[in-house]
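Quick caveat: nothing in here was measured; it's all calculated off a predicted structure.
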2 protein chains.
Amino acid sequence: MKLGAITIKDIAKALELSASTVSRALRDSHEIGAETKKRIQDYAAANNYRPNLAALSLRKGRSKSIGIVLSNVANNFFSQIIDGIESIANSKGYNVIITQSKDSAEREKMIINDLSARSIDGLIVSLAAETTDYSVFEELNNEGLPMVFIDRIAESIETHKVVADNFAGAYEAVRHLAGNGYKKIALIANNRNLSISKERIEGCVKAFDELGLEQSSDWVRFCAAGGSDRGEMENVVSALLSMENRPDAILTLSDTLSLKTLRMLKNKNTAIPDDIGLMGFSNFNNADLLEPALSVIYQPSFEMGSLAAKLLLSEIESKRPVTKFEKHILKTRIVTRKSSAASHL
Amino acid sequence: MKLGAITIKDIAKALELSASTVSRALRDSHEIGAETKKRIQDYAAANNYRPNLAALSLRKGRSKSIGIVLSNVANNFFSQIIDGIESIANSKGYNVIITQSKDSAEREKMIINDLSARSIDGLIVSLAAETTDYSVFEELNNEGLPMVFIDRIAESIETHKVVADNFAGAYEAVRHLAGNGYKKIALIANNRNLSISKERIEGCVKAFDELGLEQSSDWVRFCAAGGSDRGEMENVVSALLSMENRPDAILTLSDTLSLKTLRMLKNKNTAIPDDIGLMGFSNFNNADLLEPALSVIYQPSFEMGSLAAKLLLSEIESKRPVTKFEKHILKTRIVTRKSSAASHL
DNA sequence: TTGTAAGCGTTATCAG
DNA sequence: CTGATAACGCTTACAA
C-alpha cells in the first residue's frame, strides 16, 4: 500500500464522525444528511481518498479482477484476444491479470493455483498445448469459480466456451486449395491434444472426403511445441518436402506455424506457390505484405475476447448460479492470396 | 472468493488447535512441534487450502502484484516487453496486471487512478502518445509507489528508467541509408510529445549534420495517433511522395509506423527501394519475410521488460527507500535488408 | 511449543 | 440521520 494513503477512519477522526457515516457518505447513501455528505465527500476528494481494494475484497469476497491464462502474449492472435477482453473488462471496472503458460502443463497448473489464491472473480482460459489433464480446471469449476474457455477448450468441462469455427475454416481452406488445382494437401498442426488441432483436421478431412482427394497419415504432422521448437518445425517441413509422394500444398493450422513454415520454405528456396502452395490460420494483420502474400484463415480474435469477457462478467454478476452454458462459434474469414494461387505443376 | 474455500480457522477447528498455530505451521515456523506441523500441513494439503490473498494483502500492506500501463497490447514491441516483465515477475511470485492506455491521456489517467486503488506494489509505465501532463505520475511517485518507466519515459520524474538507445539506433540507421546512397531522408515519427520521438529525431539530426545531408522540416512528419489513425498516415505518406523536393528514403520511427508505411507505399505502387528507400524501428520478428524484406532497427524488448521488472521488484523489496535511480540504455540492433539497399536513382 | 487478542480497512447489522 | 460493533482471513505481539 502507498505510504500517504488515507482511510475512512482518518476521515472520520478528522471530521469527528463515525467510520460508518463516512463509509455511507462515500457511497452516496441516501440515509446521510446532505451537508454531512458533502463535507465528507469534499474532504475525501481534497485528501485524495482511495478505497483500499484489499479490504473491500476481503469484506465482499469479490476482487473486481479476472484472470487470463493463455499460452503466450507475444503472439498476434492472443494479444488481439487480450485486447478484446480488456476492452470489456475495463469498461465494467474489472482489472485483468494476465498470465502465460508457455504451453507447459506444469506451468499452467502453477499459474492456476496461484491465480485461484488471488481471489479473482473469474477466469478466462486458453489451454496449454501440453495439457491433457483437466482436473485443475474441473476442481475450480466445481468450487464455483466462473470460468470461460476460449479458443483451446476442454470440451468436457461445463462452462461457457468461445471458439472460432475451426471446422468450417479448415474445410473452406481445403476447398479453396483444391479449387486452385492442389491435390495433395499436407497439414501441419499444433499439438494433437488441442481441441483446435482436432477440429481443424476434421474440417480438412471432411473436405478431402467430399472431394475425393488423396489422403495420407504421413501428410498430417503435429508440432508438439506448437512451432516454438525450431528443430521440430525444421524436421516436419523437411520431411514433407522430401517425401517420395510429395504434397503439393501445405495448410498450417495455427498462427505461429504459418509464419514459421513460410520461413522454412523460403530458407529451402522452395518457390511458393509454384513448387508448393501454402495457406494457414493466421491473425497477422499484414499477411498481404509478405512475400508471397499469404493466404490465411483469419479468426475474429478481438470479438472472441470481448465475447468471452462478456460471458464471464455476466456469470460473475448474475444473482443466481448459472447452470446453462453456451458454446459460441464465431465465423472465420478466408483471405486468398498469392501463396495459394492456382499452381502450374 | 470461491465457495468451497477453506480457511485457517477451519483447519484450526478441525484439528482442535488455535488459528495462530495453524498459521505458523503453514509458514513452516520453527516454533511449532514437528508432528503438529505435519498434521496441519497434511490436512491443509488434503483439503486444498489456499491462503486468501486479499486478507494477506490487507494485513501486510503488500499485494504481490504489479501494474503495467502501456499503449497497446496487440503490438509486437509491447507484447514482447510484457513477456519480459512476466518472466521475472512470475518467478518471484508477483502477478502482473496489464492495462492499455490506447494512447489516450484521459484513459491513462483513469487507469492509473484505478490501479493505484488496487494496492499494487509497483508500476511499470510506458506513456501514452497524447500525454503531456505527468502530474498523476509525479503524485504517485511522491506518495512512494515504486515505479519504473520503460520506453516512453517522463524524463523529469525521479524513477528508474529503461530505454533502448534510441539516439544511436536512429543515428546508425541514417548512416546506413546515407552509405547506400540515400541523400534526402524523410522521417515519420510518432507523437512529438514522446521521448522516443525526440531522441530518435535527435539521433538522425546528428547524423544529418555530420554527413552534411540536406534537411527540411517538411521531411519530418509526426503522427499524433502513432499510426493508428489511417487517414493521418495516408496524408503523411502522400504528402512526402508528392513533394516537389521529394525525399529518396523514409525512416519510420516506431514499430507500428514501419509496417503501415510499407503498406501505404505498396498501395501507391511505389517501388522499394528503387523509387524510395525504407527503413524503420520494428520488432516484427519476420521482417525478412516481407516484400521487400524490411531493414529495421530492432529493440531488445524482452530484455527491456525483464530489466524493468527486476528494477521494480528490487525497489519494492528493498528495506530502505531507494533514493538513487538508474537510467538503463540498452543497445539496439540494426538489420539491413532489401528495403534500404543501394538505390540506383 | 501453543494459545489469546488485536488489528489491517471496509461494510452490514443493529441500535439509538 | 448517525453511531457502535462485529466480521471478512490472516499475522504477530504477548502470554502461558
Side-chain angles (χ1 to χ4, degrees), chain A residues 1-41 43-44 47-65 93 116-121 143, chain B residues 1-41 43-44 47-65 93 116-121 143:
Chain A
M1 210 197 2
K2 301 183 310 294
L3 284 75
I6 182 181
T7 74
I8 286 193
K9 283 186 189 170
D10 295 331
I11 302 183
K13 200 166 294 173
L15 266 41
E16 297 186 303
L17 291 164
S18 77
S20 13
T21 304
V22 175
S23 169
R24 282 188 271 248
L26 289 175
R27 276 168 308 126
D28 216 17
S29 160
H30 46 271
E31 44 180 354
I32 298 292
E35 54 182 335
T36 317
K37 193 187 278 185
K38 180 152 184 10
R39 226 159 50 95
I40 294 176
Q41 289 177 344
Y43 186 90
N47 290 79
N48 201 25
Y49 167 77
R50 301 226 188 302
N52 179 317
L53 277 242
L56 261 175
S57 169
L58 180 58
R59 184 73 237 267
K60 301 242 194 169
R62 303 182 303 105
S63 61
K64 281 258 176 185
S65 65
S116 73
R118 259 172 206 276
S119 58
I120 49 169
D121 298 340
E143 286 178 22
Chain B
M1 209 198 2
K2 302 181 309 295
L3 284 75
I6 182 181
T7 73
I8 285 192
K9 280 186 192 167
D10 297 331
I11 302 183
K13 201 166 295 173
L15 266 42
E16 298 187 303
L17 290 165
S18 77
S20 37
T21 304
V22 175
S23 169
R24 282 187 270 249
L26 289 175
R27 275 168 311 121
D28 217 18
S29 161
H30 46 271
E31 43 181 355
I32 298 293
E35 52 183 334
T36 317
K37 193 186 280 185
K38 180 152 184 6
R39 224 160 50 95
I40 294 175
Q41 289 176 342
Y43 186 90
N47 290 79
N48 201 25
Y49 168 76
R50 303 228 185 298
N52 178 317
L53 275 245
L56 260 176
S57 169
L58 181 58
R59 182 74 235 266
K60 301 246 191 163
R62 302 180 304 106
S63 61
K64 281 258 177 184
S65 65
S116 74
R118 260 173 204 278
S119 58
I120 49 169
D121 298 341
E143 286 179 20

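- Applying the salt bridge (charged side-chain N to carboxylate O under 4.0 Å, His left out) criterion to Lys64(B), with sequence neighbours excluded, gives no partner residue.
- For Ala54(A), the side chain to side chain contact (heavy atoms under 4.5 Å, CB included) criterion is met by Asn52(A), Ser57(B), Leu58(B), Ser119(B), not counting sequence neighbours.
- For Lys38(B), the salt bridge (charged side-chain N to carboxylate O under 4.0 Å, His left out) partners at least two apart in sequence or on another chain are Asp42(B).
- Contacts of Thr36(B) classified as side-chain hydrogen bond (donor to acceptor under 3.5 Å, both in side chains), with partners at least two apart in sequence or in another chain: none.
- An angle of 50°, rounded to 10°, separates the two end axes of the helix from dT1(C)-dA16(D) to dG16(C)-dC1(D), each defined over five pairs.
- In the set dC10(D), dT10(C), dC8(D), dC8(D) carries the atom at the smallest distance from any side-chain atom of Leu58(A).
- For Ser18(A), the side-chain hydrogen bond (donor to acceptor under 3.5 Å, both in side chains) partners at least two apart in sequence or on another chain are Ser20(A), Thr21(A).
- Residues of residues 10-22 of chain A that place a heavy atom closer than 4.0 Å to DNA chain C, in numerical order, are Ser20(A).
- Lys9(A) has no side-chain polar atom (N or O) that falls below the 4.0 Å cut-off from OP1 or OP2 of dG7(C).
- Nucleotide dA7(D) holds its C1' atom 16 Å from the CD1 atom of Ile8(B), rounded to whole Å.
- At least one side-chain heavy atom of Tyr43(A) sits less than 4.5 Å from a side-chain heavy atom of Ile6(A).
- Annotation: proximity of residues 23-40 of chain B to DNA chain C (heavy atom, distance under 4.0 Å) is found for Arg24(B), Glu31(B), Ile32(B), Gly33(B), Thr36(B), numbered in ascending order.
- Listed by chain and number, the residues in a side chain to side chain contact (heavy atoms under 4.5 Å, CB included) with Leu56(B) are Pro51(B), Leu53(B), Lys60(B) (sequence neighbours excluded).
- Residue pairs meeting the salt bridge (charged side-chain N to carboxylate O under 4.0 Å, His left out) criterion with at least one member in residues 10-21 of chain B, sequence neighbours excluded, do not occur.
- For Lys9(A), there are no salt bridge (charged side-chain N to carboxylate O under 4.0 Å, His left out) partners two or more places apart in sequence or in a different chain.
- Computed from coordinates, the Arg59(A) CZ to dT11(C) C1' distance equals 4 Å when rounded to whole Å.
- If you take NZ of Lys60(B) and P of dT11(D), they are 6 Å apart, rounded to a whole angstrom.
- Rounded to whole Å, atom P of dT11(D) lies 12 Å from atom CZ of Arg62(B).
- In this structure, the side chain to side chain contact (heavy atoms under 4.5 Å, CB included) partners of Ala19(B), at least two apart in sequence or on a different chain, are Ile8(B).
- Nucleotide dG9(D) holds its C1' atom 6 Å from the CG atom of Asn52(B), rounded to whole Å.
- Shortest non-hydrogen contact noted between Gln41(A) and Ala25(A) is NE2-O, 3.1 Å.
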